[in-house]
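The structure appears below as structure tokens.
We count ligands from 1, going down the list as the structure has it; atoms in each ligand are counted the same way.
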Amino acid sequence: MHSAIPLTEKVFWVGVNDHETDLFEALWPLPYGISYNAYLIVDDRTVLVDAVKGHFLDEHVNRIREALPAGRSIDYLVVNHVEPDHTGALRILRELFPSIRVVGNKKTLELLAGFYGAGGDTHVVQDGDVLDLGTHRLTFHLTPMVHWPETMMTFEASTGILFSGDAFGGYGTVDRGLFDDEMDLAFFESETLRYYANIIGRYSQMVQKAIAKVGTLGIKILAPTHGAVWRTQPRVAVDWYDRWSRQETKSAAVVAYGSMYGNTQKMAERVARALVDAGIRTLVHNLSHSHASYVLRDIWTSRALVLASPTYNTGLFPTMDDLVRLLENKLIKDRLLGVVGSYGWTGGAAKALTAFAERSKWRIVEPVVEVRCAAGDQDLERCAQLGRNLAAAVRA
Ligand code: FEO
């Protein structure tokens, strides 16, 4: 029930699976849960690498006690990332293991003091510093903004384990298999991409810098704070993050629409049909039903996007307004955009979508289709033409 899982003879997974939280960051759905991975290194000095969310302390501590040799305590806690999903247990861990010395960089310790109060033993490290444990040797690599400014990664030379923090992580608990060779990778890729688009994507440039920095370390095992531990093909996870952080897209389209009475939906579906007829893989989201988490995931790897919105109180339909703000917040770049809008007595939606494209420097593919009340045959033919034009632009 509370088994610690060995990565090597002396390194153990002592994390937890969270099936209780509905929304990660109180925002993003977790239908398959999430894991908070933590690791214990047993050597002349024992090290806990990252911890867990406070609610799961009991399970976490049981696993730590199982992996610790009799009579030993924890000497160091390496905090690669301060966000409370990895440090919520800190205060109680300090009480249970008073010998703990917290290892982090200057920003780590400032943020920890802000969240949990100052105090306790600390050990400040800088980029490239080394901590010798006996047989194991930790090197600290600062990787800011993946996902917070204090974020760092820790490399253990004798085993080739990179403790990478949020980087290379994904949604989904690891009770379905902790290691990459135990997992359904197609399922896990989808949930990892969703995590990337929701949480890390805004910081893609910093992910590129981090990959350049740690990519040459000779990683044998990739041990992030969420999701699979990669012991067979760590290169696969690095390649996923590399492609996503370069915002590499496929010849695919997403059609996202809001519709109160089905009129805008009819136009969106006509564009989608034309895209499909032209051979473009197309995913359609009704924003009143699809959570933005999934829409962002699909947009992240698609070259084209169609946004279709009614005018609502002179602006965008609220779910579309939310999506557009998220697209800007996540710094999604260089997409082809089809714009479809409708209105009853005064326009607004198409203008707002066009303004979004200009701010984001996305290319609008013509025609912009804006219809009063309900689309007639000619309007629907313009929607089909938009779909055909987008398909051609995707292929160009
Ligand atoms: Fe998993 Fe940014 O915390």
For E59 and R63, run salt bridge (charged side-chain N to carboxylate O under 4.0 Å, His left out): C-alpha distance rounded to whole Å, both residues' side-chain angles, the deciding distance at 0.1 Å, then the answer. CA-CA 6 Å; E59 200 175 327; R63 290 202 169 102; 3.1 Å; yes
Determine whether the side chains of E150 and N80 contain a donor N or O and an acceptor N or O closer than 3.5 Å. no
For atom 1 (Fe) of ligand 1, which N, O or S atom of [X] is at the shortest distance?
X	result
D166	OD1
D85	OD2
H226	NE2

min-distance N/O/S atom, H147 vs atom 2 (Fe) of ligand 1, resolves to ND1
With a cut-off of 2.8 Å, does any N, O or S atom of E83 fall short of it relative to atom 2 (Fe) of ligand 1? yes
F97 and side-chain contact (heavy atoms from CB on, under 4.5 Å): which partner among D75, L68, L77? L68
Applying the side-chain contact (heavy atoms from CB on, under 4.5 Å) criterion to R303, which one of L336, I280, V254 satisfies it?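 Result for side-chain contact (heavy atoms from CB on, under 4.5 Å) with R303: L336.
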Taking both backbone and side chain into account, is any N, O or S atom of H86 nearer than 2.8 Å to atom 1 (Fe) of ligand 1?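 Yes, within the cut-off.
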Under the 3.5 angstrom rule, does the side chain of S35 hit a backbone N or O of G227 as a donor-acceptor pair?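 The answer is yes, because a donor-acceptor pair under 3.5 Å joins these two groups.
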